[in-house]
Protein chains: 2
Amino acid sequence: MNLPPLHQEFVLHFGEMGSRWGINRTVGQIYALLFLSADALNADQITEALGISRSNTSMGLKELQAWQLVRLKHVPGDRKDHFTTPDDLWEIVRILIDERKKREIDPTLTKLRALEMQGPAGDDYSEARISELREMIEMMTEFYEDMARLETEKLVKLMTYGSKIAGLIDKAGGVLPARR
Amino acid sequence: MNLPPLHQEFVLHFGEMGSRWGINRTVGQIYALLFLSADALNADQITEALGISRSNTSMGLKELQAWQLVRLKHVPGDRKDHFTTPDDLWEIVRILIDERKKREIDPTLTKLRALEMQGPAGDDYSEARISELREMIEMMTEFYEDMARLETEKLVKLMTYGSKIAGLIDKAGGVLPARR
DNA sequence: CCGAATTTTCAGTAATTTCTGAAAAAACAG
DNA sequence: CTGTTTTTTCAGAAATTACTGAAAATTCGG
């Protein structure tokens, strides 16, 4: 690996963290490299910078594109594909949450609903536990979807207010009806 | 595996999802089994129900205890250790977020701060990108910590209001100062 | 203490995931 | 089209992770 010290440390860290984030080392490193790079890089540059095989780069880029975390960019006069990460960090966060939700939560929500549909099939306790779990997941995902719908500026405001928001709601009292 | 159909499907699903959640199949299955069980179970019951080895059960329980997702419970008159999951789903969610934050986010935040400390060491672009990332992570984790501090009742209210909250903030106008 | 019951550890094996090199496929300039 | 460049695929090798059985350590009633 042949990179400036700052880039190298960052890339290695993302590689190590990769497995905790549900991606592998190489995928983490490719993402980190592109994240720090002002210009789009082609697959050979990535291969060279990280000291991995060309095919590994190809598979890593494919996975990152499936995650929507890396995009193809055509550089005029160069036949090779070039890759970048989105600039806007808010967009990256949104993508990350959406994709993780899709992979880690949605399948379980589907399964829980299916289990409830099957009708009385276990003891009362476990049935109640499953319903409760489904309701909790629905509440949290709906809240996230509501938040994701806000413009960035309002979201920043809201997050900066922090727990003061709770007070606000008390004050609003009967003014705002609860949803649904 | 010898379980009622509902339990079995639930347990198998959690096992399959385990790898996406950063735990292994066995750990997912043990958790699912305990989650649906009204009573605390001992290690032999778990071993028997899941058809795994006693040592695997021991290691799985150890990991779940490290995650704080499973607790030891002493049953009077029985020498064996018994295990349960916390009843309160809100508590479980809080634990899950806290633990994932600790494993998946905190180490990166620490690393980013260290990289910034080292002083000018890369190009302007990558340094800016690292600061921006650190700031974003700080904002999100501080918001989460603020929310986690609220009582459950207020949190439910807040989540149910959903995106209406943004309107509330606009109305509050200059009344509330932004934090810091 | 002693000894039985219970839990944990750990070396070896099994299973899974990641990575590579070679070959096939696709893209595209002339 | 044709030949070259570029990308993807994929079978096998390498690395990592998960699981087991046996043995060691711990717990605890008597």
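In what follows, chains are A, B, ... by sequence order, proteins preceding strands, each numbered from 1. All values below were derived from every heavy atom in this structure, side-chain atoms included, with hydrogens, water molecules and symmetry-related copies excluded. Bear in mind that the values here come from a model prediction, so they are computed numbers and not experimental data.
For A:Lys62, the side-chain atoms get nearest to D:dT9 when compared with the rest of D:dT9, C:dC19, C:dT7. The side chain of B:Ala43 has C:dT7 as its nearest neighbour among C:dC19, C:dT7, D:dT7. Distance from the side chain of A:Asp81 is smallest to D:dT7 among C:dT9, D:dT7, D:dT9. Taking every side-chain heavy atom of A:Ile52 into account, C:dT20 is the closest of C:dT20, C:dC28, D:dT7. You'll find that the side chain of A:Arg79 is closest to C:dA27, out of D:dC19, C:dA27, C:dA5. Nearest to the side-chain atoms of B:Lys80 among the listed nucleotides C:dT6, C:dA27, C:dT20 stands C:dT6. Comparing D:dT20, D:dT16, C:dT20 by their nearest atom to the side chain of A:Arg25 picks out D:dT16.
Separating the CZ atom of B:Phe83 from the C1' atom of C:dT7 is a distance of 9 Å, rounded to the nearest angstrom. We find that CG of A:Leu72 is positioned 15 Å from P of D:dT6, with the value rounded to whole Å. As a whole-Å value, the separation of B:Asn56 CG from C:dT9 C1' is 13 Å. In this structure, B:Asp78 places its CG atom 13 Å from P of C:dA5, rounding to the nearest Å. Going from atom NE2 of B:His74 over to atom C1' of D:dC28 covers 12 Å, rounded to whole Å. The distance from atom CE of B:Met59 to atom C1' of C:dT9 is 9 Å, rounded to the nearest whole Å. At whole-Å resolution of the value, CG in B:Asn24 and P in C:dA14 are 19 Å apart. The CD-P distance, from A:Glu63 to C:dT17, rounds to 12 Å in whole Å.
Cation-pi contact between B:Arg129 and A:Phe35: present, with separation from the ring centre below 6.0 Å and deviation from the ring axis of at most 45°. Taking the ring centre of A:Trp67 as origin, the terminal cationic atom of A:Arg103 falls inside the region bounded by 6.0 Å and 45° from the ring axis.
Using a cut-off of 4.0 Å between Lys/Arg side-chain N and Asp/Glu carboxylate O, B:Arg113 and B:Glu138 are scored as salt-bridged. Salt-bridge annotation for B:Glu116 and B:Arg134: present, with a side-chain N of the basic residue lying under 4.0 Å from a carboxylate O of the acidic one.
A close approach under 4.0 Å does occur between a side-chain nitrogen or oxygen of B:Arg54 and OP1 or OP2 of C:dT7. Listed pair A:Thr26 / C:dC19 meets the phosphate criterion, a side-chain N or O lying under 4.0 Å from OP1 or OP2.
Between B:Glu9 and A:Leu115, some side-chain heavy-atom pair lies under the 4.5 Å cut-off.
Residues A:Ser53 and B:Ser55 both approach DNA chain C. Their nearest nucleotides, taken by heavy-atom distance, put B:Ser55 toward the 5′ side.
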